[in-house]
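Below: the structure, in C-alpha cells.
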Amino acid sequence: MVRVTTLSSPFLLGFDDIERALDKVTKASGDGYPPYNIERVAASGDMPERLRITLAVAGFGRDQIEVTVEESQLTIRGRQQDDKAREFLHRGIAARQFQRSFLLAEGMQVLGADLSQGLLSIDLVRPQPERVGRKIEISARD
C-alpha cells in the first residue's frame, strides 16, 4: 500500500524530517493537563526575542518537575508522591503525574526555566542564521 503524504510534491525535496514531526505531533496525547500558554516576548536590552511556554503546575515543587530536551523535543514531566503520613478527611486535590511535550524547530534553544507561584516558565530562543547566498557556476560540456 502506497502512503500519500501531505508533502508528496516533487518540488518539496528533503522535507522528510518535517513529515516525521507532523506524524509525531498528530500522535501526541490530547490530555489537557497541565494547561499552558505560549507567548512571544519582545527583545529587550541584551535579550533577543524569545518564546515563553508557561505551564500551570500548582502544588509541584522544583524537585518534582523535570525539563529535558532530546532530539528536538522539549519534555516536561511532573511527579508527585502520595504522602502516606497524612490523613485526609476530604481529598479534592489529587497527587497527579503529567508529561507535556513540545516539538522544537531546528536551531531552537532552551534558555532556562523558572518556577514561581505555581507557574513554570520556559524560555526558548532561535538564533537568527546568517543569510548566505552563493552563485552556482554552470560548467559547459562539449
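Worth saying up front: this structure is predicted, and the values here are computed from it rather than measured. Residue numbers run from 1 in the order of the sequence given.
The environment of CZ in R91 is crowded: more than 12 heavy-atom neighbours from other residues, nucleotides or ligands sit within 6.0 Å.
In the hydrophobic clustering of this structure, F102 groups with I65; members are Ile, Leu, Val, Met, Phe, Trp, Tyr whose side-chain heavy atoms approach within less than 4.5 Å, directly or through other members. The hydrophobic clustering, which links ILVMFWY residues whose side-chain heavy atoms are closer than 4.5 Å, places I38 and V125 apart. Hydrophobic clustering (side-chain heavy atoms under 4.5 Å, transitive across Ile, Leu, Val, Met, Phe, Trp, Tyr) keeps V110 apart from V41. Cluster annotation: L119 and I122 are assigned to distinct hydrophobic clusters (Ile/Leu/Val/Met/Phe/Trp/Tyr, side-chain heavy-atom contacts under 4.5 Å, transitive).
In plain terms, the two heavy atoms of G61 and L115 that are nearest each other are C-CD2, 3.9 Å. The shortest non-hydrogen separation linking A56 to P34 is O-CB, 3.2 Å. T54 and E39 make their closest contact through OG1-OE2, 4.1 Å (heavy atoms, listed as atom of the first residue, atom of the second, distance).
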Report task. Determine, step by step, whether Q109 and L104 satisfy the side-chain contact (heavy atoms from CB on, under 4.5 Å) criterion, reporting the C-alpha distance in whole Å, the side-chain angles of both residues, the deciding distance to 0.1 Å, and the verdict. Result -> CA-CA 8 Å; Q109 297 174 351; L104 304 178; over 6 Å; no

Report task. Any chance you could lay out the side-chain contact (heavy atoms from CB on, under 4.5 Å) test for R134 and V132, step after step, and finish with the verdict? Result -> CA-CA 7 Å; R134 66 183 185 125; V132 178; 5.6 Å; no

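Note that CD1 of I53 is 5.5 Å distant from CD1 of I76, once rounded to the nearest 0.5 Å. Here the straight-line distance linking atom CG of N37 with atom OG of S121 works out to 9.0 Å at 0.5 Å rounding. Of the inter-residue distances, the one linking L103 atom CG with E71 atom CD reads 10.5 Å to the nearest 0.5 angstrom. Atom CE of M108 is separated from atom CG of L111 by 9.0 Å, given to the nearest 0.5 angstrom.
Q73 contributes no side-chain N or O that, together with a main-chain N or O of E70, makes up a donor-acceptor pair within less than 3.5 Å. Judged by distance alone, the side chain of Q80 and the main-chain N or O of R96 form a donor-acceptor pair under 3.5 Å.
Defined by atom type and a distance below 3.5 Å, a donor-acceptor pair is missing between the side-chain atoms of Q97 and R79.
For the pair R100 and Y36, the cation-pi criterion (under 6.0 Å, within 45° of the ring axis) is not fulfilled.
Using a 4.5 Å heavy-atom cutoff, the side chains of L120 and V67 are in contact. Residues T68 and R77 have side chains in contact (heavy-atom distance under 4.5 Å, counting atoms from C-beta outward).
Screening residues 43-52 for side-chain hydrogen bond (donor to acceptor under 3.5 Å, both in side chains) gives R50-D123, R52-D123 as the qualifying pairs, with residues at least two apart or on separate chains.
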